[in-house]
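Here the structure comes first, spelled out in C-alpha cells, and everything after it is commentary.
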Amino acid sequence: MSVLIIVFLTAVAALFTGVFEKGKFARYIGIFGLIVALYVSFLPEASFFEKYRLMYEYGANTALFTKISIVTTLLLFFLGGFAFSNHRNHQSELYALMLFALCGGFVLFGYQNLVTLFLGVEILSIPLYVMAGANKTDLRSNEASLKYFLMGAFATGFLLLGIAFIYGSTGTFDLYRIHDFSTVNPTNGMFILGVVLMLCAMAFKVALAPFHMWSPDVYQGSPSLITAFMASVVKISGFYALFRLMTIGFSGVTHEWINILGVFLIITLLLANAMGLAQTNAKRMLAYSSVSHAGYIGLVFFGMNALSTYTLAFYLFAYSLSTVGVFMCLIWVEKLKRETSYGAFKGLAKSEPLLAVVATISLLSMAGIPLTAGFMGKFSLFAQALSKDNNAFLVIVAVLGSAVSIAYYLRLIIAMFFFKETTFKTSERVTVTYNIVAVFIIISLVALGVFPDLFAKQFGL
C-alpha cells in the first residue's frame, strides 16, 4: 500500500503542475515518483498497513505485478515528451490520469474483497474514458471515448449484478470465504450465475471475444501513447485481477466456468487473428493483435500448476515491452505522417534504423519467434496447457493463431525494411530518450528470450 500512496501523491502533484508553465514539469515529477515507487516496491510492506489486510494485501505476487506495471508505465512516461507534444496545454492532466489509472491497477493486484475489486476496476477505468478522448478535435478520439464509456458502463452493470448474486448466495464479499462456500456448495444456482456474470464483465476489461467490440475503435481513436498504456498496463491489471478472482474465489466451481472461458479463448484466437490479417492500418492491426494476445494469456487457466502466476507475469511483461517497442515507432511515424497505414512506414529503416529494429524485434516477440521473450512466454503457456490431454485442441488453435499473426506482423516489417526509397523527407531525428528506451527494450526482449531466468532475478524472486 506504500507504493499505492506514493503513486497517488505523485499523480496529485503532477496534476497541480498544470498551474505552472502549462504543466511541462508533470512528466518529470511522474518519472521521479515512479522511480521512488519502484524502489519502495522491493522493500517489505510497512506493518502499519496490516490492519487493511482484509481489503488489500501486498503479498509477493502483488509486489511482482506492481513492479512490472511500474516499469512499463515508466517507459511510457519517457516517451511522453514527444508523444504529448500536441497536448501542451493539458499534458499535466494526461500524466496525472495515467498515474491515477495505475493506482487502480495496484488495487486490482492485491484486492481481497469484491468491493475492493469493484473500486479497483472503476479507478482504473474512469481515467481511461477521459484519456481516450484527449484529441478533442479528432472525431475518432471523441468516438473512442464515448464508446469506451458506454461499453464500460454496460460491463460494470454485469460486474455489479454478479457481485450481488455472489453476496446473495454467500453472505460475504471476502474472496477466501467465497472460496470456502464454492467448495462446499458447487451446485448453487445463484452462485454459479454470479460467477458467469463476473467472468463476462472481466472478459470485457481484458478484451476477450465476444466482449472485445470496443477494443479496435477505442485503440485506434485514442492518442497512441494512451493506446500503448491500455494495451500494456491495463492488460496486466485486468488479467491478474481475473486470475485472482477465478483461482481464489471461484476455484471451487472451476468445472462450471472453465469450459465457458475455453469457448471465449477459441473465438478470440480465431476472430482476432483473422481480423488482424484483414487490416490496412497498423494501429488497428495492433488493436486486434492485443485482442489475440488476450487469448494466449487466457491459456494460463488451463493445466494450472505452482508456476502459473510466474508464467502469467513473465508473459505479460514480455508482451508489455513489445507493445511499448512497437508503439514508440508508431508514435514517431504518426507525428510525421499524420497517419498509421502500412504505407506510412515505408523506408523507415533507412532514416531511423534503431526505431525500425526495436519495432521489428517487438513484433517478432509478439509472434513468438525463438530467441525473443515472447517465444519463451508462449512456450511456457502452451506447455502448461498441454500438461493435461483435454487441452490439446485449445493449444492447436493457439498455435495456428500465432502462425497467422506472423503474416500481419511481417507486413509492417516489410514496409520498414524492404523499400529502397524512404518516404521520410524530414530533418527531424528521434530524441536521445527514444534511443535509450529502444536499446533497453531490444536488450530486454533478447536477453529474456535467451536467459528467461533473468526475469526472476531482476524482480527479486
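Positions are given from 1, in the same order as the sequence printed here.
- Remark: Leu330 CG to Thr227 OG1 distance equals 8.5 Å, nearest 0.5 Å.
- The distance from atom OG of Ser141 to atom CG of Asp217, rounded to the nearest 0.5 Å, is 12.0 Å.
- In this structure Thr431 satisfies the side-chain hydrogen bond (donor to acceptor under 3.5 Å, both in side chains) test with no other residue, sequence neighbours excluded.
- Counting only heavy atoms from C-beta outward, the side chains of Thr309 and Tyr240 approach each other to under 4.5 Å.
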* Applying side chain to side chain contact (heavy atoms under 4.5 Å, CB included), run through Met366 and Ser292 and close with a yes or a no. => CA-CA 10 Å; Met366 286 183 176; Ser292 71; over 6 Å; no
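- Using a 4.5 Å heavy-atom threshold, the side chains of Met246 and Val195 count as touching.
- Between Phe327 and Leu76, every side-chain heavy-atom pair lies at or beyond the 4.5 Å cut-off.
- For Lys235 (side chain) and Val206 (main-chain N/O), a donor-acceptor pair under 3.5 Å exists by modelled atom type.
- Test Phe229, Phe100, Phe77, Phe25 against Tyr95 for ring-ring contact (aromatic ring centres under 6.0 Å, His included) and you get one pass: Phe77.
- Side-chain contact between Val437 and Val358 is absent, with no heavy atoms from C-beta onward closer than 4.5 Å.
- Ring-plane geometry between Phe109 and Phe106 is classed as tilted, the angle between the planes lying from 30 to 60 degrees on a 0 to 90 degree scale.
- No side-chain donor-acceptor contact under 3.5 Å links Ser145 to the backbone of Val130.
- Note: Tyr296 and His293 have perpendicular aromatic rings, judged against thresholds of 30 and 60 degrees for the angle between ring planes.
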* To do: Kindly determine whether Tyr58 and Leu4 satisfy side chain to side chain contact (heavy atoms under 4.5 Å, CB included), including the steps that lead there.
  => CA-CA 10 Å; Tyr58 190 79; Leu4 175 61; over 6 Å; no
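- Checked by atom type, the side-chain pair Lys205/Ser125 shows a donor-acceptor distance below 3.5 Å.
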Ignoring hydrogens and angles, write down the donor-acceptor pairs under 3.5 Å from the side chains of residues 113-122, residues two or more places apart or on other chains.
unit_1: Asn113; atom_1: OD1; unit_2: Val115; atom_2: N; d: 2.8
unit_1: Thr116; atom_1: OG1; unit_2: Met55; atom_2: O; d: 3.2
unit_1: Glu122; atom_1: OE2; unit_2: Thr156; atom_2: OG1; d: 3.0

* Asked: For Asn273 and Ser405, what are the C-alpha separation, side-chain angles and deciding distance, and is it a side chain to side chain donor-acceptor pair (under 3.5 Å)?
  -> CA-CA 6 Å; Asn273 285 299; Ser405 71; 4.5 Å; no
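- Every residue two or more places apart in sequence or in another chain that forms a side-chain hydrogen bond (donor to acceptor under 3.5 Å, both in side chains) with Gln220 is listed here: Arg284.
- The aromatic rings of Trp214 and Tyr148 sit parallel to each other, their planes meeting at less than 30°, with 60° as the upper class boundary.
- Ring centroids of Phe158 and Phe154 are separated by less than 6.0 Å, placing the two rings close together.
- Nearest heavy atom pair, residue Ser215 against residue Val291, reads OG-CG2, 3.7 Å.
- Across Lys283 and Pro223, no two heavy atoms sit closer than the pair NZ-C, 4.1 Å.
- When all heavy atoms are compared, the tightest approach of Ser320 to Leu316 is OG-O, 2.7 Å.
- In terms of heavy-atom proximity, Ala241 sits nearest to Met202 at CB-CE, 3.8 Å.
- The side-chain heavy atoms of Leu75 and Leu321, taken from C-beta on, include a pair separated by under 4.5 Å.
- The closest side-chain heavy-atom distance from Met230 to Tyr219 is below 4.5 Å.
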* Please test Ser224 against Lys335 for side chain to side chain donor-acceptor pair (under 3.5 Å), starting from the C-alpha separation and ending with a verdict. => CA-CA 10 Å; Ser224 293; Lys335 285 289 182 183; over 6 Å; no
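- Residue Phe32 places its CZ atom among 12 or fewer non-hydrogen atoms of other residues, nucleotides or ligands, all under 6.0 Å distant.
- Applying the side-chain hydrogen bond (donor to acceptor under 3.5 Å, both in side chains) criterion to Glu57, with sequence neighbours excluded, gives Arg53, Gln112.
- Of the candidates Ser365, Ser289, Ser290, Tyr319 forms a side chain to side chain donor-acceptor pair (under 3.5 Å) with just one, namely Ser290.
- Between Met376 and Leu448 the shortest side-chain heavy-atom distance does not fall below 4.5 Å.
- Among pairs with a residue in residues 433-445, none fulfils side chain to side chain donor-acceptor pair (under 3.5 Å), at least two apart in sequence or across chains.
- At least one side-chain heavy atom of Leu445 sits under 4.5 Å from a side-chain heavy atom of Ser362.
- Contact record, Thr62 with Gly110: OG1-CA, 3.5 Å, taken as the closest heavy-atom pair.
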* **ring-ring contact (aromatic ring centres under 6.0 Å, His included) assessment of His179 paired with Tyr176** => CA-CA 5 Å; His179 165 75; Tyr176 291 97; 7.5 Å; no
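- Judged as a salt bridge (charged side-chain N to carboxylate O under 4.0 Å, His left out), and not counting sequence neighbours, Glu339 has no contacts.
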* To do: Dump the intermediate steps for side chain to side chain contact (heavy atoms under 4.5 Å, CB included) on Phe250 and Leu199, then the final yes or no.
  => CA-CA 10 Å; Phe250 302 153; Leu199 173 61; over 6 Å; no
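- Separating the CD1 atom in Ile68 from the CG atom in Leu38 is a distance of 12.0 Å, to the nearest 0.5 Å.
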* To do: List the steps and the verdict of side chain to side chain contact (heavy atoms under 4.5 Å, CB included) for Leu299 and Lys378.
  => CA-CA 9 Å; Leu299 289 173; Lys378 283 187 178 180; over 6 Å; no
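- Between Ala318 and Gly374, the shortest heavy-atom contact is CB-N, 4.2 Å.
- Taking a 6.0 Å sphere around CG of Leu371, one finds it holds 12 or fewer heavy atoms contributed by other residues, nucleotides or ligands.
- For Tyr129, the OH atom sits in a packed shell: over 12 heavy atoms of surrounding residues, nucleotides or ligands are nearer than 6.0 Å.
- Under the 3.5 Å distance criterion, the side-chain polar atoms of Tyr111 are matched with a main-chain donor or acceptor of Leu245.
- Proximity of a side-chain donor or acceptor of Thr17 to a complementary backbone N or O of Ala14 within less than 3.5 Å is detected.
- Between Leu175 atom CG and Ile248 atom CD1 the span is 6.0 Å, to the nearest 0.5 Å.
- At distances below 3.5 Å, at least one donor-acceptor pair connects side-chain atoms of Ser402 with backbone N or O atoms of Ala367.
- From Leu363, atom CG reaches atom OG1 of Thr323 across 10.0 Å, with rounding to the nearest 0.5 Å.
- Put simply, CZ on Phe301 and CG on Leu381 are 11.0 Å apart, with the number rounded to the nearest 0.5 Å.
- Cation-pi check for Lys67 over Phe42 is met; the charged atom lies under 6.0 angstrom from the ring centroid and within 45 degrees of its normal.
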